[in-house]
Every structure is written in C-alpha cells, then in structure tokens.
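Since the structure comes first, as structure tokens, the remarks are kept for the end.
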Amino acid sequence: MTPDQRPDPAQGRPASPPPAAKAADTTRDNPWPLRRLTENIRIYVDRMSALWVEGQVVEYKPRPGTRMAFFVLRDVETDTSMTITAFPDVLDHAGPGFDEGARVVTRVKPVFWERRGTLNLRAAEVHLQGLGDLLARIEQLRRTLDAEGLFSADRKVALPFLPRVVGLVCGRNAKAKDDVIVNASARWPGIRFEVREVAVQGQYAVREVSAALVDLDSLPEVDVIVVARGGGSVEDLLPFSEETLVRAAAAVRTPLVSAIGHEGDAPLLDLVADYRASTPTDAARRIVPDRARETEGLAHAVSRMRAAVGNRLMTERSQLALLEGRPVLQRPTAVIDQHRAVVDSLAMRLGQALTRRLGEERTDLARAQATLTAISPQATLERGYAMLRTPSGALVRSSADVRKGDLLEGILAHGRLVAQVFGTTPAPDNPPSPQPAPAPGETR
C-alpha cells in the first residue's frame, strides 16, 4: 500500500488521493476530470490579448437575421484554418468586397468554448486587404457596366439549336477542352470545333482571350462561342472580370457561352455572356442537342402525329357516315318529292277551280245565249215576222214611209224577197192595245 492510499475508517478501503494541482502531476490513477481541463484551457485563453491576423476567407454564407456571423479564415501557405465569429455589423463595415476569396486582416480575440471544447476567434474589426481591394474594384466595375446596359437581358440572344461549328476558347492542354469536346461529341457525333488555346490565367490571359473572341467572331461558319475554364481560385479567375475582356465579349455578335469555374464562381464574363454554364460539361450539354433524345422525341412526335391523323380520319369517317345516313343523301329526290307533292296538290286544286269556274261560265254563257236568243230579231223572224227596207236601206216602220209602186226588200227568217207596194192603209188613231205590235218593219 502506498502512502497516498491510507485505509478509510468509514468504508474500510483506501481513500482517493487529492486531485493533481498541475497537468504534469496527473497520472493514470489520478487523472483530471475533463471539466478541469476545459476550465484551465479557458482561463489560459482568456489571458491572451487581442491581436491582428491576416488570411483568406474560404467559407462564408451570409445568414440574414442571425445575431452572429461566421466565416473561415485560412492561411494559404499552410492551409491552416480557423472559424471566425463576428457581429453582422462588423462584416458590413468591411465593404462589398467581403466574400469567399477575399484576403482580410482582422483584429481578433481567441475564445474557447468549454462545453464543446472548441477554439475560435472573435473578430472586432475586419478590413479588406490585397484581393479584397480587387474584389471591391470588380464590384464597382460591375455596377458601372450594369448601368451601361451590358448585362441587360435585352442584349442576350438565343443559342442556335444545332450549330454548324462551335468556337472554343480554352487553356492549352486543359481538361476543360476535353470536357466540352468529349461531352458535346457524345451528344451529337460529328459536331465540328474551331479551338483557340490561349492563356486563361496570368498577365496574358486578357489579351489572348480577347483576341480569340474577335478571331472566332469573324468566322461566318462559327455559330456559337464557348469560353471554358475548369475552375480555380479567385485570383486565377480575375482576368475574366477585367474590363477589357468583358467589353470585348460584349462586342461579340456570335452567341457566347461562359463556362468559367464552378457553380459558385461568378466572374463578370458570366454576366455579359448570352448563357452562363455552371461547368464546361454543362456548356457542352447546352450548345448541342442530344441526338438520342432528339431521335426519341422525333419518334414520339411521329407516333403522336400518326395517332392524331388516325383519330382525325376516324372522326371524319364517322361524320361522313352520319352524313351518308341522312335521307337527303340516301334519296336525293326526297326534297324534290316534297315540293312535287305540294305542286301536284296545287295543280289539282287549280284544275278543280278551273273546272268549277268553266262550269259557272258555261252556265252564265247559256243564260246569256238564251237571253240573247230571246231578244234577237232572228227569233222574231223565226216566228213568221219579216222586216221591210226601202232601197235606201231604211226600215219601214209606218205605211206613211212608202208610196204606191215603191219596191221594198223583205228580210225573212230564211232568205229575202222583193215586193212592190200596191197600196197603203193609214194607221188608226187608237190601235187596240191587247194585240201585240209586230217588231218595227215587220209584216204579217
């Protein structure tokens, strides 16, 4: 039994030794509780004074409405990283260039969180430095070009469905070149490329990329131009935000596709291009259609067209059958027959009316004839009367009209005669009334 392990009178076993005063005094049998360690680390960290550090912001996701902002600061030479916490207004004072990739200098105070056992830095001031100033100038350039309308949606033109030749601006022996050509050729075999391999980073990038854009834009067979680069750091992508290059891209008349960097990268070339591809592979998918899918779509379209034509023919046949089933088409004279029946009915009624009218007219005519016969001189002659006329043609109405020896013409019912007057008898003053008088010029 060691000196530290004296028996405990109450429990009959050795008593626990007192905790070690220093970390160096701890043993396997006499360790520190974890809280003792975290308390000591916190006490030690709290004794540290505030200091200035510099590094590059590699992770930053703004969270509006939160009480504390977080970002990760990295030493680019050793890849050492630490989480920085700051109140949102501290980052607001840093300026618009504060974002991932910005190089900053910040005044921090180390903070140790006992419960989580983590160490981070609390920032009291953040200032952009180096690249941060560049990003601020790029932001100012973005606003200027935007005000000029270079980023307006009205300036953008649609990409062709199937270009004859694709102009490709890429780095020398770059993977982005293979990504575009291989993926585009897989989608549409035989697609032609006009490739311009240039510097895509460094001091010559702006000049060579701008010259390649002008060269490809002058070729009439090039229907679309792709500027591709397979990502990189913020510094590597700076040439694609240079004013000279951006204005050269804006002056290109051929539809332009920007495939710079990855999804999170956003150089100014993306804003002026007609289409912004997230990656070179995405650009390949956008500039040419998928032949297999187009063939399948064409087959579906043909099938739908045939079905539509078949349905239309079926509908038209049904409509034609309905038309053929109508009485007027089965017996075209049906309408005429109806009118013929009406005409026949009217003709019959007209015939009956004419017959009736003719009967009435015949009856009237018979009555008129009977009346005329009754009052006709011929009827009087038929009863034995005669008319006498002088040689001058005047009718003899009185014995005073003739003298003895005059020749008279007698008109009988049948024939005529000539008579000579041998004498006359004057008419009595009062002739008997009951005796009907003969017709004028008549003799017994």
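Source: prediction; values computed, not measured. Numbers here simply count residues along the sequence, with the first being 1. Computation of the quantities below employed the complete heavy-atom set of this structure, encompassing side-chain atoms and omitting hydrogens, waters and symmetry-equivalent molecules.
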| task | For the residue pair Ser258 and Arg276, confirm or rule out a side-chain donor-acceptor distance under 3.5 Å. | result |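 There is no such pair between these side chains.
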Any side-chain to backbone donor/acceptor pair from [X] onto [Y]? Under 3.5 Å, distance only.
| X | Y | value |
| --- | --- | --- |
| Asp401 | Val396 | no |
| Lys156 | Tyr275 | no |
| Thr371 | Arg367 | yes |
| Asp217 | Arg253 | yes |
| Thr106 | Val108 | no |
| Ser218 | Asp215 | yes |
| Thr83 | Asn120 | no |
| Ser303 | Ala299 | no |
| Ser241 | Leu268 | yes |
| Arg187 | Arg285 | yes |

| How far apart are the C-alpha atoms of Ser81 and Val72, what are their side-chain angles, what is the distance that settles it, and do they pass the side chain to side chain contact (heavy atoms under 4.5 Å, CB included) test? | CA-CA 7 Å; Ser81 301; Val72 176; 3.8 Å; yes
Can you name the residues that form a side-chain hydrogen bond (donor to acceptor under 3.5 Å, both in side chains) with [X], not counting sequence neighbours?
| X | value |
| --- | --- |
| Arg107 | Glu125 |
| Asp290 | none |
| Arg63 | none |
| Asn183 | none |

Given side chains that start at C-beta, do those of [X] and [Y] come closer than 4.5 Å, heavy atoms only?
| X | Y | answer |
| --- | --- | --- |
| Leu395 | Leu388 | no |
| Val104 | Val57 | yes |
| Phe193 | Ser185 | yes |
| Phe70 | Met68 | yes |
| Phe161 | Val288 | no |
| Leu412 | Leu417 | yes |
| Val45 | Leu119 | yes |
| Val227 | Val257 | no |

Can you measure from [atom1] ([X]) to [atom2] ([Y]) and round to the nearest 0.5 angstrom?
| X | Y | atom1 | atom2 | value |
| --- | --- | --- | --- | --- |
| Leu216 | Glu221 | CG | CD | 9.5 Å |
| Phe240 | Gln201 | CZ | CD | 9.0 Å |
| Ser278 | Asp270 | OG | CG | 10.0 Å |
| Cys170 | Arg229 | SG | CZ | 11.5 Å |
| Phe71 | Asp99 | CZ | CG | 12.0 Å |
| Leu159 | Leu256 | CG | CG | 9.0 Å |

| said: Could you go through Ser392 and Thr390, starting from their C-alpha distance and side-chain angles, then the distance that decides it, and tell me whether this counts as side chain to side chain donor-acceptor pair (under 3.5 Å)? | reply: CA-CA 5 Å; Ser392 62; Thr390 64; 2.7 Å; yes
Please determine whether a side-chain nitrogen of the Lys or Arg among [X] and [Y] lies less than 4.0 Å from a carboxylate oxygen of the Asp or Glu.
| X | Y | value |
| --- | --- | --- |
| Asp223 | Arg164 | yes |
| Arg196 | Glu194 | yes |
| Lys175 | Asp179 | yes |

| Which pair of non-hydrogen atoms, one from Ala249 and one from Val272, has the smallest distance, and what is that distance? |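 Nearest heavy atoms, Ala249 then Val272: CB-CG1, 3.8 Å.
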Residues 336-348 side chain polar contacts: donor-acceptor under 3.5 Å, at least two apart:
unit_1: Asp337; atom_1: OD1; unit_2: Arg340; atom_2: NH1; d: 2.7
unit_1: Asp337; atom_1: OD2; unit_2: Arg331; atom_2: NH1; d: 2.5
unit_1: Asp337; atom_1: OD2; unit_2: Thr333; atom_2: OG1; d: 3.4

| field | Lys NZ or Arg CZ of Arg142 over Phe151 ring: under 6.0 Å, within 45° | value |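 Judged by the rule, Arg142 and Phe151 form no cation-pi pair.
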| task | Answer yes or no: are there more than 12 heavy-atom neighbours, outside Asn173 itself, under 6.0 Å from its atom CG? | result |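 At most 12 heavy atoms, drawn from other residues, nucleotides or ligands, come within 6.0 Å of this atom.
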| Is it the case that more than 12 heavy atoms not belonging to Arg155 sit under 6.0 Å from its CZ atom? |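 Correct, the count exceeds 12.
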| request: Please step through side chain to side chain contact (heavy atoms under 4.5 Å, CB included) for the pair Ile138 and Leu238, ending with a clear verdict. | output: CA-CA 9 Å; Ile138 290 174; Leu238 283 178; 3.3 Å; yes
Those residues that, when tested against [X], pass side chain to side chain contact (heavy atoms under 4.5 Å, CB included) (two or more places apart):
| X | answer |
| --- | --- |
| Val198 | Val169, Val200, Glu208, Val209, Ala212 |
| Leu162 | Trp188, Pro289 |
| Arg67 | none |
| Thr295 | Arg291 |

| said: Enumerate the salt bridge (Lys or Arg N to Asp or Glu O under 4.0 Å) contacts for residues 307-319, please, sequence neighbours excluded, ordered by first and then second residue. | reply: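 For residues 307-319: Arg312-Glu316.
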| request: Test salt bridge (charged side-chain N to carboxylate O under 4.0 Å, His left out) on Glu242 and Arg247 and set out the steps. | output: CA-CA 9 Å; Glu242 286 288 339; Arg247 291 191 181 277; over 6 Å; no
| query | Strictly under 6.0 Å, is that where the ring centroids of Phe98 and Tyr60 end up? | reply |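 Centroid distance Phe98-Tyr60: below 6.0 Å, so yes.
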Donor-acceptor contacts under 3.5 Å from residues 404-411 side chains, at least two apart:
unit_1: Asp406; atom_1: OD2; unit_2: Arg403; atom_2: N; d: 2.8
unit_1: Glu409; atom_1: OE1; unit_2: Arg389; atom_2: NH2; d: 3.2
unit_1: Glu409; atom_1: OE2; unit_2: Arg416; atom_2: NH1; d: 3.0

| query | Excluding sequence neighbours, so at least two apart, what forms salt bridge (Lys or Arg N to Asp or Glu O under 4.0 Å) with Glu361? | reply |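 Partners of Glu361 by the salt bridge (Lys or Arg N to Asp or Glu O under 4.0 Å) criterion, ordered by chain and then number, come out as Arg357.
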| field | Step-by-step side chain to side chain contact (heavy atoms under 4.5 Å, CB included) determination, Leu121 to Val111 | value | CA-CA 6 Å; Leu121 303 176; Val111 177; over 6 Å; no
